Each structure stands twice: as C-alpha cells, then as structure tokens.
Amino acid sequence: MNSRHFASCAMALALSAAIGAAAAHAEDINIPASASDGTTDGATPAAASTPAYNVSLIPTGGNVFTRMADYYKLEWGQAGPPVDPNAPAGRRDDYPPQPVTQPPYPFTEWPYGAATLLGANRPNSVDSPLMVALAPTGFGKFLSDAHIQAYGWVEAGANLSTSHGKGGNAPAGYDYNPNTAQMDQTVLYIERTPDTVQRDHIDWGFRISGIYGVDYRYTISDGLGSNQLTKSNKNYGWDLPMEYAELYIPQVAKGLLIRAGRFISIPDIEAQLAPNNYMYSHSMTYTFDNFTNTGVMATLALTKNLWVQAGIVAGTDTFAGNAGVNRTNPFPNPIYPNSTFKKDPGAIPSFSGCVRYQTSDANTDIYACINGINSGTYGYNNLQWKGFTLYHKFTDKFHVAFETYNVHETNVPNVNNPTVLNIESNGGTPFSGPNFRFNAPDGAQCNDHATLTCRSNVQAELAYWNYQLTPLTNLTLRTEYFDDMQGQRTGVATGYEGVAFGVQHWLSPQIELRPEIAYYRADAGKAFDGNSNIGVPDARQQELILSGDAIIHF
C-alpha cells in the first residue's frame, strides 16, 4: 500500500470515528496533572462519573501488561480518572477557580511557561496507565515513595494535501511532508513535581524528557544533536526538549518557583508536545516562533491574581555550550571580516520576563512577555519576542485564546544582494558551509538591495475559538495572519492568511483523536509546494490540507 493511499484510509477512519463519537454524545505551557481524587488540578469530577467509578476499581492483579490494559478499559468513555474521595485538595482554596477541564481541552489552567502549576499541583498526580501497571511492583513502590513518575504518549498522524513532494506542506506545520502518514512523536517524561498547594515547606522537582519522531525538527537546538537536521535533514530524529530542575519556596509572597535547565519557551498558546495543543497542525505563528530556552527562570505569585516572571537564558534554540565558541571563517568578508566568527552569535546571555494577570473568576487571563532579549544579532533562531496571549471565557462552554507578537533580528544577511550570495556560497557566515547543508536560518529580503544586512520583522495575530460540545469533545476554529515582512522566517516575503477547523474527541482520558481541515494563502505569490533544501521552487499560492492524528497516553 503506498503512503498516499494509507494516508487516505487513516484520515477517513479518524474523521469517521471523531464525527461519529461527537454525534453520539451531542448535547489548558504544562501538561495538566490529574489530582489523586480523580479531579484535574482540583476540578470537580466529571459529571459523567458515578460514585461507583472510584479508586477501588483500579486493577492490582495480573502482570504489568494486563494491569495496563485493564486500566485503559476502566477509563474508556470517562472524562477523568477514577475518584478518590479521601485525597487531599488539588488546589488552594484562595486561588481563582480552575477555568477549564481536560478532557476535552489540552490544559486545565490558562497556560504560562517555565513553571509547574503554582497552587494547583500535587506530586504523583499524573493519570498514567504505566504508573498504574507498575504500582504493585517493587520498582513502582520505589517510584511512588520518591514521588517520581514515568509517563508519555505516542502520536501518529496523516494528511492529504494539495501540495506534493518532501517538505512541500511548509511553511505550514507540523505536517511537514504532504500526502503521507507518519509517527509524529513518541515522548517519555521522567519527573518529580513539587507540591505547590501546601505552604509550609520548601519542595523540589525535576523533569527529564525525550522525543523521537518527525517533530524533532521543531524542537532541535543548535549544537545539541542538531546535525540530524542541519547536516542530514533526517525525516525522523530525536531530541531532549526539557531537562530541568525546580525549587519551590512557598514562604515568598504567594509562592516562588525557580526552574533551571532547558525548557519550552515561555510565551505562546501552542507547544511542541502534542497533548498541549488544541489541534494536530500548528499555526504559522507558532511554527516560526521561539521553541526552547536554556537558563534560569523565576515565577513569583505576588497575589492570587498577579504573577511575574524573570530570568536569564542563553538565547533561543541554542545549546548553552555554544556561548563564546568560535569557528574558522573560510571566507572573510565585509559582513564577517575576521578570521573567525561566533559558532552561534545568538548564544549570549538574554533576558526573558512576563507579567500574568488572571481575574478572580478565572474568566480572563492576560500573559505579556518578552523572550530571549539581547542584541538581536542574526543567530540560529535569535528571535527578539515581544507579545502577549489573552484567554477569555464567554460561557462555560465557549472561550477564545488570542495571541499577538512581534519578533525581529538585526544584521541579517541580505539575500537580494549578489555580494551576500557570494559570501554565503563560500561559507562566509556562521550558518553556511558544511555544518549547515540543510535548514540553515534564512537571510532577509531587504527592501534596499544594495545593503549587506538589514533588520527582519514579523508581526503575527492568532486566535483559537473553542466550543465544548460534550465533556469529551471540543470544536476549534483557528484564524491567523502572519506577516513575514522580509521573508526571513518562511523564505518568502509576504503576509499569510490561515484558517482551520478541527474536532478534538477523547475516547478516554488516555486516547484522543483530532481530525481537521486547514487552508493557507500567501498574499504576494507562490509560497507553498516547494522545498529550498532540495532546490524545489514554490509552486502554489494557496494550500489546503486535510489531516488528523491519534494520541495514546501511557
């Protein structure tokens, strides 16, 4: 069976299952943890659950595999894990209420980055079939006593597209290759989360994560396994997107949490990890955004409504070990005149900070950030991010997530200048030559063709309109405008309009299906159905993609 036919079959099955389930039932950057009482971060247990659906039903007999299978069966059709009426509260009483539930949303709190949920997290609180299966074993008891959990998911997807050829869906993301089925990501977390509900003692945590799949290209950091992408352009690859430690100090104001290591960048509605998103595909706003930071971030709850964050990171999407590292310049030139240049000029100390305000009823949340702020000079992904997200509930079933940002870089080589093209072809920049055979940062299409470098700018607006059809089903409309003014992000200097509609249907708290259809248009001519990495020019001004995925948590 060829890949296109397989994709067609997979999409038809996904659409049929999700739409059929929605008809039958018609009537929250962190993965939310389910409290041990069967609620999600302190939420009221799902209405579909009954008193009989409680922890007494959790399988304890058999072996690891049968317990895991039995737990999937137990949760089938439920909107949450089994209830434990004796569990402590999963949320501080004086905090705003939990705004949404998971399912059907990808989170329970309006998202913010670089911190475990303050005031709404208990250790050992992730609803994990793997941990249930391990629980009666000696190893499982050791993990439980140490408040360590191991869990993750497998995500597979498929798409049918009007574009063709390897990488032809770009600049749409993450379904990079058109008309194919793929394993997007298999992810494992090993973590200990601090107890942020209590106020009487200092606590700590950590996370170690690994990802394998097509989506590695959207998390990779320059200098950390990046040759998979920049030297080989592998379709499948690995990354370690989050490796951090946390310290929680409850006695400072309403709570202080310090995170150190590599973590997902702080702003945005979306995230690279599949369960953290409303839809299978990603907006262009996110696809060409900051992905990860490495450094130290502090999150302080000044009051129950007002939080601030500040920290120092080593640039964006760059390995901290790149700082201060020089490479030989094989072709000194007017832009890089010395015999050496920085391996990544963006690997320098950078400031990130945010202010978050949430109303007491949790109906409105605004999160304003600056991220990776430094000199802004042309780097691997040295984006100077300034913007905000806004979440607002119109009713208990209808809310909007809105984001706007401006990003820029300075001293970006001007690809409209023949001298610059000659410099690039002779390896005279940090991102040309043998280390960047593929996926190097694009240059800028400067308005003044005579200048050697200029500033590149992007302005983006994005909204996700969400309606909860049932406790297990959400409908999403995504609208966006992405203006790549100098073409430095997408390779084409144009504005883009995008609109997508998707269904997220959960068969249980562990299995979800997300079919969707998306349309993109470039204002200034052809921008789709090409691939600059292999010399294929763009052939289309518009693109239509039917796609979907399945996520199985373990």
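Please read these numbers as outputs of a predicted model, since none were measured by experiment.
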Salt bridge between [X] and [Y], side-chain N to carboxylate O under 4.0 Å?
| X | Y | value |
| --- | --- | --- |
| E155 | R514 | yes |
| D94 | K304 | no |
| D365 | K393 | no |

| task | Indicate the ring-plane relationship of F291 and Y174, choosing parallel, tilted or perpendicular according to the 30° and 60° boundaries. | result | perpendicular

| field | Ring geometry between Y405 and F482 (parallel below 30°, tilted from 30 to 60°, perpendicular above 60°) | value | perpendicular

Donor-acceptor pair, distance only, cut-off 3.5 Å: does the side chain of [X] make one with the backbone of [Y]?
| X | Y | value |
| --- | --- | --- |
| T292 | F263 | no |
| E516 | S281 | yes |
| E243 | S209 | yes |
| E75 | Y72 | no |
| N406 | V458 | yes |
| N277 | M279 | no |
| T389 | I269 | no |
| R207 | R192 | no |
| E246 | T116 | yes |
| N293 | V313 | no |

[X], [atom1]: over 12 other non-hydrogen atoms inside 6.0 angstrom:
| X | atom1 | result |
| --- | --- | --- |
| D93 | CG | no |
| F142 | CZ | no |
| D396 | CG | no |

| task | Show the numbers, then the answer: is there a side-chain contact (heavy atoms from CB on, under 4.5 Å) between S232 and N227? | result | CA-CA 6 Å; S232 304; N227 285 346; 5.8 Å; no

Heavy-atom closest contact ([X] atom, [Y] atom, distance):
| X | Y | answer |
| --- | --- | --- |
| A301 | Y95 | CB-OH, 3.9 Å |
| R122 | A89 | NE-O, 2.8 Å |
| N381 | N290 | ND2-CA, 4.3 Å |
| T404 | A460 | OG1-O, 3.1 Å |
| Q251 | R199 | NE2-O, 4.4 Å |
| Y236 | Y212 | CB-OH, 3.4 Å |

Working to the nearest 0.5 angstrom, can you tell me the gap between [X] [atom1] and [Y] [atom2]?
| X | Y | atom1 | atom2 | answer |
| --- | --- | --- | --- | --- |
| F206 | R259 | CZ | CZ | 13.0 Å |
| D289 | H282 | CG | NE2 | 11.5 Å |
| M297 | S352 | CE | OG | 5.5 Å |
| Q102 | N276 | CD | CG | 8.5 Å |
| R327 | N322 | CZ | CG | 8.0 Å |
| Y216 | I211 | OH | CD1 | 11.5 Å |

| request: Measure centre to centre between the rings of Y105 and H399, then say whether the value is under 6.0 Å. | output: yes

| field | Qualifying residue for side chain to side chain contact (heavy atoms under 4.5 Å, CB included) with Y189, from I208, V126, L273 | value |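 Exactly one pass, corresponding to L273.
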
| task | State which residue, out of D239, I264, D215, fulfils the side chain to side chain contact (heavy atoms under 4.5 Å, CB included) condition with Q272. | result |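 The side chain to side chain contact (heavy atoms under 4.5 Å, CB included) with Q272 is passed solely by I264 among D239, I264, D215.
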
| request: Check the pair Y280, D184 against side-chain hydrogen bond (donor to acceptor under 3.5 Å, both in side chains), reporting the backbone distance first and the verdict last. | output: CA-CA 10 Å; Y280 170 46; D184 296 275; 3.0 Å; yes

Side chains of [X] and [Y] only: does a donor on one sit below 3.5 Å from an acceptor on the other?
| X | Y | result |
| --- | --- | --- |
| Q510 | D127 | yes |
| N382 | E409 | no |
| Y286 | E480 | no |
| N235 | Q182 | no |
| T359 | N305 | no |
| S508 | Q78 | no |

Between [X] and [Y], is any pair of side-chain heavy atoms under 4.5 Å apart?
| X | Y | result |
| --- | --- | --- |
| W76 | P509 | no |
| Y380 | P441 | yes |
| L143 | M131 | yes |
| V197 | N121 | no |

| Do D344 and T318 pass the side-chain hydrogen bond (donor to acceptor under 3.5 Å, both in side chains) test, and can you show the C-alpha distance, the side-chain angles, and the key distance before you say yes or no? | CA-CA 8 Å; D344 184 352; T318 188; 2.8 Å; yes

| query | Passes ring-ring contact (aromatic ring centres under 6.0 Å, His included), Y378 versus F431? Steps please. | reply | CA-CA 10 Å; Y378 179 59; F431 307 110; 5.5 Å; yes

| message | Applying side-chain contact (heavy atoms from CB on, under 4.5 Å) to I373 and S350, what does each step give before you reach the verdict? | response | CA-CA 5 Å; I373 304 302; S350 312; 5.8 Å; no

| message | Show me the pairs that pass disulfide (SG to SG under 2.5 Å) and involve residues 272-323, at least two apart or across chains. | response |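 Non-adjacent pairs meeting disulfide (SG to SG under 2.5 Å): zero.
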
| task | Could you check Q198 against Y248 for side-chain hydrogen bond (donor to acceptor under 3.5 Å, both in side chains), going step by step and ending with a plain yes or no? | result | CA-CA 10 Å; Q198 57 81 28; Y248 168 65; 5.0 Å; no

| task | Show the numbers, then the answer: is there a side-chain contact (heavy atoms from CB on, under 4.5 Å) between V100 and W110? | result | CA-CA 8 Å; V100 291; W110 303 130; 3.8 Å; yes

| From CA spacing to verdict: side-chain hydrogen bond (donor to acceptor under 3.5 Å, both in side chains), E270, S283 | CA-CA 8 Å; E270 302 167 54; S283 65; 2.5 Å; yes

| request: Establish, for the pair R478 and Y278, whether the NZ or CZ atom is under 6.0 angstrom from the six-membered ring centre and no further than 45 degrees off its axis. | output: no

| Does R262 make a cation-pi contact with Y244 (under 6.0 Å, within 45 degrees of the axis)? |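 Ring-cation test returns no.
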
| request: Show your working on side-chain contact (heavy atoms from CB on, under 4.5 Å) between N233 and N439 and close with a plain yes or no. | output: CA-CA 8 Å; N233 197 29; N439 301 294; 2.9 Å; yes

